[in-house]
Amino acid sequence: MSQSHTGTESRTPETEGWGAETFAPEPADLAAARALADERGIPPISLAASEGQLMQVLLRLHGSKKVVEVGTLFGYSAVWIARSLPADGHLWTLEMDSLHADTAEEVFRMTGVSEKVTLVRGPGNDGLGSIESDGPFDAIFLDADKAGYPGYLDWAESHVRAGGLIIGDNTYAFGRIHRDAESLDPSQRPGTTGLQAFNRRLADPERYVGTLLPTGQGMTVAIKK
Ligand code: SAH
Ligand code: DHB
Ligand code: MG
């Protein structure tokens with residue numbers, strides 16, 4: 001049998017690391033934003049720079065102008081998103097933790113994107129309800145409570161336009177996406193089953209053109225039909 005050059009055998013930590021470093025050097029202001037978040041004890045769970053770059057490629061390809069994000073943290077992914085929008089584009093980003101939200105407001109000033117971003121404080125479900133009249137939206141990025149993804153997708157089905165983009169982070173469910181609910185620790189069930197339901201809905205070819213991109217955490221991307 002001849003040796004194949006397709007498939008995954010060329011993706012190693014070394015080759016992947018080289019690609020990430022080459023294509024997504026981190027802007028200095030975003031490195032400073034991470035340092036500020038670390039100083040404040042905010043958990044280091046933002047996108048990686050390479051994933052921020054991927055978001056930019058997706059949003060620019062798509063031509064998204066009006067974007068919603070659920071789960072701001074300190075604003076890292078929001079800055080990557082804001083920088084992918086045209087001059088008349090806007091991001092609404094939703095966050096319920098006040099330390100995270102206060103820090104994100106600072107980060108938006110530090111990085112010069114404040115005018116393009118509206119931070120909506122409070123639980124994601126309330127925030128989504130409060131921005132409905134600004135829709136319909138071109139894209140939504142889900143990155144908050146994992147058990148909440150199906151509910152956020154219900155909202156997106158009404159408020160993201162046909163042809164719009166739905167993106168979810170952490171869709172490998174921290175390595176547990178393939179597992180039966182009964183085999184999981186009860187504390188891990190709601191998040192895992194939420195992410196399973198989210199992925200299954202976006203895998204329905206009648207309603208979406210979707211894929212689960214193999215980032216470190218898994219990133220599901222789907223176009224709404
Ligand atoms: N998108 C960010 C990372 C988000 S981390 C980035 O890549 O930079 C997840 C965030 O969601 C945390 O800040 C957490 O406080 C927030 N969160 C968790 N549950 C939430 C909810 N129900 N409503 C709004 N925000 C929530
Ligand atoms: C967690 C949340 C995230 O969105 C992420 O990308 C990584 C970790 C968490 O809640 O632990
Ligand atoms: Mg995430």
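Both ligands and their constituent atoms are indexed starting at 1 by order of listing.
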Self-check item: Exercise: do D29 and T111 side chains pair donor with acceptor under 3.5 Å
Solution: no
Quiz item: So, R40 versus T103: side-chain donor-acceptor pair below 3.5 Å or not?
Solution: yes
Does ligand 1 have an atom that lies less than 4.0 angstrom from a heavy atom of [X]?
X: P123; result: yes
X: T72; result: yes
X: G122; result: yes
X: Y152; result: yes

Practice problem: Give the atoms of ligand 2, by number and element, whose distance to some non-hydrogen atom of D169 is under 4.0 Å. | Solution: 6 (O)
When you measure from [atom] to each heavy atom in [options], which option holds the nearest one?
atom: atom 10 (C) of ligand 1; options: E69, E95, H100; answer: E95
atom: atom 26 (C) of ligand 1; options: G124, A144, A101; answer: A144
atom: atom 1 (N) of ligand 1; options: G71, G127, S98; answer: G71

Self-check item: D169 OD2 and D143 OD1 subtending at the Mg ion (ligand 3) (10° steps)
Solution: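 Reported to 10°, the angle equals 100°.
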Quiz prompt | D154/R201 ion pair, N-O < 4.0 Å | solution = yes
Quiz item: Quick one: does D138's side chain get under 4.5 Å of R161's, heavy atoms only?
Solution: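 A side-chain contact under 4.5 Å exists here.
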Practice problem: Indicate yes or no: does an N/O atom of S46 lie under 3.5 Å from an N/O atom of ligand 1? | Solution: no
